[in-house]
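A, B, ... follow the sequence lines: proteins, then strands. Residue 1 opens every chain.
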Amino acid sequence: MAKPLDLKSTINLPRTDFPMKAQLPQREPQQLAQWEAEKLYQRILESRAQAPLFVLHDGPPYPTGDIHLGTGLNKIMKDMVVKSKTMAGFRSPYIPGWDCHGLPIESKVEKQLGGKKDSVAPAEFRRMCREFAVKYIDQNRRDFKRLGVLGRWEKPYLTMDPEHEATIADAFLTFMEKGYVYKGLKPVYWCISDRTALAEAEVEYADHTSPSIYVRFKLAQDGPDANSIPAALKGKNVYGIIWTTTPWTIPASMALAFHPDFVYAAVETDSGDVYLVADQLRKSVAGACGYKESKPLATYKGSELEAAHLKFHHPFLDRLEPAVLADYVTLEQGTGIVHTAPGHGADDFRTGQKYGIGTYAPLDDDGRFVEGLPEYKGKTVFEANPLIVKLLESRGALIGQGKLQHSYPHCWRCHNPVIFRATEQWFINLEHDHLRRHALNEIRKVKWTPEWGEQRLSGMVAERPDWCISRQRFWGVPLIVMYCEQCGEQFKDFQALRNVIRWFEREGADAWFTHSAEELLPPGTKCKCGSARFRKEKDILDVWFESGSTSLAVLKDGMWPADVYLEGPDQYRGWFQSSLLVGIGTRDRAPYKQVVTHGWTLDAEGRPMSKSAGNGVLPSEICEKWGADLLRLWTTSQDYQADVRFSEPMMTQLAESYRKIRNTFRFALGNLANFDPARDAVADSELSEMDAWMLHRTGELVAKCRAWYDEFEFHRVFHALYDFFVVDLSAFYFDVLKDRLYTFAPRNIARRSAQTAIYRITSALVRLAAPILVFTSEEVWKHLPRAAGEPDSVHMALFPTAEDFTTGLDRRKLENWESLLAVREQALKKLEEARSAKVINSGLGAKLQMRASGKTLELLKNYASSLPQLLIVSQVTVEPANASAANGQVDDIEVAHADGKKCERCWNYSIHVGENADYPAICERCTAAIAEIEGSRDPAVESANR
RNA sequence: GGGCCUGUAGCUCAGGUGGCUAGAGCGCGCCCCUGAUAAGGGCGAGGUCGACUGUUCAAGUCAGUCCAGGCCCA
C-alpha cells in the first residue's frame, strides 16, 4: 500500500527574505542613514589603521544649486577608487572638498544687492558670499552622499576655511619669495562707466554700430632696415592698408600684423600710390575705398614682409610700426592686415609680447585719453572715435569709411559697450627658475590614464603664457603684497609678511579687509626707508591658484603627494595644471603620482549635457527614479576614457541588467537557507568535480577583476561580472544545480557540495561588486551566512583572492569540464530542434543518444553518469561512432523521447518509476532521497536544520 | 582655425606586436518551462569594423586624407 506523502514538502526549494523587488529609491536612503549611524566611514579607516596608505585627493567642485551628471559621475568614480582600494587592503581616506571663492557666487551676491556692491563694506560683502557658499555646499553634500559616496562629509575641506585660506596665502608668499611673481600689464575687459574690470563671464554680446574705417600706413623708406625693402616697393609711396571698427585704438597702434601664409599684393592705384593688401581682398578693399587699381606690381607672402623688416609710419604720431606675423589674421573681412594695439586687445597683446613691443594704453579708468594729440586728449574713447576719424582724414590717412553693425561686448550690469584695456596685473613667470621646464619634467614622471594625458598636458604647459594670478575682486584670498606709504616701494620682508598668515589662521582672509596693514604686520615693522606705514594690495588671487593649493592644505601626515587625481578632461587646462605649478613652486614636485581623466557627459545624440541646452539630467532625479546603484551601474557600464552617454533607453537596459544580477543573488541566497558554512561546508577534496571547476572559474574571474580594479578599468569589471552572472551562473551553473539542490536530501554531501560552491562564489561576487553596487551588495551581504570574523558591512571586507578558489582539482579535469561545456552547447541546439519538431517540450522529456569517437568518446564515457544533470535531460546514451568529428565535437546527437515515466517528485523520466510499492509515483533516485531524509529524521537534527 | 581625443551589430563592451567565415551580453524575433515565478531556460536574425586612398601575400588592426562628434584654446 502506498504511503501518503506530500512530495512537495520533501523538495528543498529556495527560501529567502531577500526581496526580489529592489525599490532602490526607497531603500537606499535607509541604508545611508544606517551607515551614518554606525559611522561606517570612520570604522573602515580605524580597521585599516596599520594598512598602507592610498590617497585620492578630491578635486573641489564649485558649489552650485544642483550637481550636474558629470559631477555625479566624477564623485562615483572617486568612490569606486576609494572603495576598491580599501577592499584591496589599503587605508584610503576620502576627504571631499569645495572650491568656495570666485566670481559665480560673487555675482549672485551682487545681484542680491541690486548691483550696488559698493553699498556694503568688503568684509560684509564677503560674509554674504560665505553664506551663499555654505548654503550650496549643504545642498551639494546631500546630493553627493545620496550617491552612496563614503567619506569625511562631516568635515570636508573648504577653500574658504581660515586654515585653508592661510595655506593659500602662504603658498603665494612662497612664490613671491622665490622670485616667481612679477607685476605686468595685461588687457582685460573694462567698463568705463562702472570703472571696473570685467571677467569673461561678465560681458554679454549685443548688436552695436561701430564706425568702420580703412586707414593707410605709409611704408618708411629710410632707416637701418631700408636695404631689405623689396625692390618693387623701393622709392615708391607704399602704404599698408588696415581696417578697424575701433578708431580710438589707433593712437595705441604699435604694429601691423600679417598672416604668415597669406599672399599680399602691392597694387598701384589711380593716384599713383602703391597699396599693400591681401591679394584675395584686393577688389573688395578697392571697392570699399573707391580707388581704381592697376595690375599688381608684385606679391609677397606675409612671412616675407616680416622678414624684410618693413616699418610703417603711424598716421599722426611719431612712431614706426613694424610688420609682424599673427595667425589670427583672417580674410573674412578687412584687408588682411591688422593694426595691432597690444594695450587694447587680447590677440594684440600676445603678439606684442612675442615681438617685445610695448603695451601702450593711454587711458584712465573712465576711458579718457590721458595723453596724445589735442584733438582727442581728455575725451573718452567713444567720444574720440569721430574725432580720430576726422584727424585721420586731415592727415590723408583715411581712405574709406562706413558703419558696421556687429556683435560687440557689453557690460552685464550697465549694458554699455566695454573696451579692452591694459591694466596692471600680477603674474607667475613660467621661465623663472625654469618653472616651465621643471613642470614638463614632472609631467613625465606621472602615470597618466589614459596615456595621452601626458602629451596633452605637456603641450599646454609648453605653450601657455605666464600665469596671471590677480583679480580685481573681493571674494577670494588677497595677494599678500604691501607697499610703503612713504617711498612707495613694495615691502619685501617675507618673515614679517608671514605674520599675515597667522592672522588668516585665526580669522581667515577676512583679516585682510578688517585690519590695517600695521596691525597685520608684527609690531614695529619698518620699511627700509624707515617708514612704518604701509598700504595693502587690493587684488585677490585667481581661484585656480587656490584650487592648485588644495593638496598643501588637505594632505597632511605623510599623505602628500597624492596617489591619484581623478577629474574630467577640462582639468588639463584647470586643476591638473594649477596643482602641478603650485606643487613645483612650493615643494619642487607634482602633487600627484597618477592622474586619471574621464570623458564628458553627453546625451543620446552625443551632445554635451547642460542645463541651458535643456538636455541635462540631474543625478538627484536619477536617484529618485532609478536609484543610486543604477546610476553607479551606468557609470561603470561605459568606458570612461572616452565620453560617456546618458539616455533613458540605456537606463532601462541597465535596470534589466540590475534585475538579473539581483535575482541571481537572490537565487543563491535562497539556496543557502539553513546553510551554515562553519557546519555544512564541504572540504575541497569532497567537492563534486563540477563544483570545484566552477570555483576555479570564479577564481579566474577574481584575478581578472582585481587586476582591473587596480588599473581603474571599472567597465571591464562590470562586463565580466555581469557576463558571469548571466552566462555562467544563471543560464548554466544554477540551472544545472537545481536538480541537485531541490531533490537531494538536504544534508546529502552532493547537495552540500553545491551549497558550498554557491556560498563561496556568492561571497566573492558580492565583494567584487561592492564598489559598484554599494547598496545592493550591502543588502546581499547582510543576507549571506557570514563566517566568524567577517565584518558586518561588505565595505569593510577585503576582496577575495584567486587563491581562495584553488581546490586541488587537477588541470586535466578542469579541461574535461571545458570540453563538456562545448558538448552541452551542441546538445542544446539539438534539443531545440527536437522542441520545434514537437518530439519533446521540456528538456527532461528527452533522451539523448550520442555518438562519438576518440578522446571525445572517452570523455563522455568517463562522465556518463553526470551527463543527464549537466544537460538537464532524463537519459543520455553514449555509443562509438565510425567517423571522427573535429575537435571535441560529438559526431552525432539524436534526441528521442525519454524512456519510462515522469517521476512526480523530480520530474525526471525513469523506467524505474513505480518499482517502489511505498511510493509508486517516484523514481529510484527519489526513493533513495526520501529514505535518506527519513533516516535523518531525528528531532535534534531537525531543529538544527530549521 | 590650432592642440589632444573618440567613431566595431539598435545599446553597452571585447578584439597584445596586421593572419581562420569579426566576438559577448542586453534588446529584438520565435519557442520551452511554470519547483528562482511581476522569475527561469533555449534557439535565431542583426555588423560594407565612420568614409576614401595607400602599404602588404594578408588590415577592424599600419600610413595618409576626409567626414562626424567631444574637451581645451583661438
Side-chain angles (χ1 to χ4, degrees), chain A residues 7-8 11-16 18 20-21 70 259 261 326-330 332 346-347 350 450-460 462-465 568-574 577 597-602 604-608 633-634 636-639 641-645 647 649-657 659-660 662-671 713 715-716 718-727 729-732 734-739 741-743 824-825 827-836 838 840-846 872 905-907:
Chain A
L7 285 177
K8 196 133 173 172
I11 301 276
N12 318 299
L13 292 178
R15 222 172 59 220
T16 177
F18 181 85
M20 180 178 264
K21 288 200 72 171
H259 192 286
D261 302 326
D327 50 17
Y328 52 82
V329 175
T330 72
E332 269 153 39
D347 285 338
R350 238 185 327 281
E451 283 178 13
W452 47 256
E454 176 179 349
Q455 204 184 338
R456 181 153 180 188
L457 190 60
S458 292
M460 286 180 169
E463 295 293 322
R464 68 160 295 158
D570 49 338
Q571 299 307 330
Y572 285 103
R573 169 62 53 187
Q577 203 175 137
T597 1
H598 59 251
W600 210 247
T601 319
L602 313 176
E605 279 70 49
R607 302 269 158 208
L633 215 52
W634 169 79
T636 21
S637 68
Q638 301 181 65
D639 181 359
Q641 296 198 9
D643 292 340
V644 293
R645 296 191 181 210
S647 68
M650 271 173 86
M651 290 308 285
T652 317
Q653 181 174 317
L654 284 167
E656 283 298 299
S657 309
R659 200 178 49 75
K660 185 71 174 191
R662 186 177 179 90
N663 266 323
T664 308
F665 267 134
R666 182 168 181 269
F667 178 83
L669 293 172
N671 285 102
E713 299 205 69
H715 73 285
R716 287 185 190 257
F718 165 73
H719 282 281
L721 282 179
Y722 181 57
D723 281 6
F724 196 78
F725 271 103
V726 172
V727 182
L729 295 184
S730 185
F732 170 64
F734 285 176
D735 203 30
V736 167
L737 238 37
K738 283 173 193 166
D739 182 72
L741 289 165
Y742 296 173
T743 70
R824 185 171 188 267
E825 274 184 43
L828 289 178
K829 287 199 207 313
K830 291 290 180 185
L831 284 168
E832 189 57 31
E833 286 171 22
R835 238 191 302 269
S836 326
K838 304 287 179 199
I840 56 160
N841 290 318
S842 131
L844 285 178
I872 319 183
R905 184 167 176 276
C906 70
W907 298 346

Can you tell which of [options] lies closest to the side chain of [X]?
X        : options             : answer
A/Met460 : B/C72, B/A36, B/C11 : B/C72
A/Trp600 : B/C72, B/C13, B/A74 : B/C72
A/Ser730 : B/C13, B/U12, B/A36 : B/A36
A/Lys838 : B/C71, B/G35, B/C32 : B/C32
A/Glu832 : B/C13, B/G44, B/C31 : B/C31
A/Trp907 : B/G35, B/A38, B/C43 : B/G35
A/Asp347 : B/A74, B/A36, B/C43 : B/A74

Taking A/Glu832 first and then A/Lys829, would you say they form a salt bridge - that is, a charged N and a carboxylate O separated by under 4.0 Å?
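Looking at A/Lys829 together with A/Glu832, the answer is no, because their closest N to O distance does not fall below 4.0 Å.
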With a 4.0 Å cut-off on N to O distance, would you call A/Lys738 and A/Asp735 a salt bridge?
yes
Should A/Tyr328 be counted as stacked on B/G1, where stacking needs a ring-centre gap under 5.5 Å and an angle between planes under 30 degrees?
no
Taking atom types as they are modelled, is there a donor-acceptor pair under 3.5 Å from the base of B/C5 to the side chain of A/Arg456?
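Side chain to base: no pair present.
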Give a yes or no on whether a donor-acceptor pair under 3.5 Å exists between the nucleobase atoms of B/A38, that is its base, and the side chain of A/Lys21.
no
Is it true that a side-chain atom of A/Trp634 and a backbone atom of A/Arg645 form a donor plus acceptor pair closer than 3.5 Å?
yes
Relative to each other, are the rings of A/His715 and A/His719 parallel, tilted or perpendicular (30° and 60° limits)?
perpendicular
In B/G46, glycosidic geometry as syn within 90° of 0 or anti otherwise:
syn
Would you tabulate the pairs of protein nitrogen or oxygen atoms and nucleotide nitrogen or oxygen atoms of nucleotides 23-27 of chain B closer than 3.5 angstrom?
unit_1, atom_1, unit_2, atom_2, d
B/A24, O2', A/Asp723, OD2, 3.1
B/G25, O4', A/Asp723, OD1, 3.4
B/G25, N2, A/Gln653, NE2, 3.3

Which part of the nucleic acid, if any, lies within reach of [X] when heavy atoms closer than 4.0 Å are counted: base, sugar-phosphate only, or nothing?
X        : result
A/Asn12  : nothing
A/Leu828 : sugar-phosphate
A/Gly606 : sugar-phosphate
A/Pro608 : sugar-phosphate
A/Ser637 : sugar-phosphate

State the CH2-OH distance between A/Trp452 and A/Tyr572, to the nearest 0.5 angstrom.
4.5 Å
Can you tell me how far C1' of B/G35 sits from CG of A/Leu844, to the nearest Å?
12 Å
Starting at atom CG of A/Leu831, determine the distance to atom P of B/C31, rounded to an integer number of angstrom.
18 Å
Derivation of the side-chain contact (heavy atoms from CB on, under 4.5 Å) call for A/Asn671 and A/Tyr742
CA-CA 9 Å; A/Asn671 285 102; A/Tyr742 296 173; 3.7 Å; yes
Decide salt bridge (charged side-chain N to carboxylate O under 4.0 Å, His left out) for A/Glu656 and A/Arg659; before the verdict, give the C-alpha distance in whole Å, the side-chain angles of both, and the deciding distance to 0.1 Å.
CA-CA 5 Å; A/Glu656 283 298 299; A/Arg659 200 178 49 75; 2.8 Å; yes
Heavy-atom nearest nucleotide on RNA chain B taken for A/Trp452 and for A/Pro14; more 5' hit belongs to A/Trp452
Most 5' of A/Glu713 and A/Arg573 on RNA chain B, judged by nearest nucleotide
A/Glu713
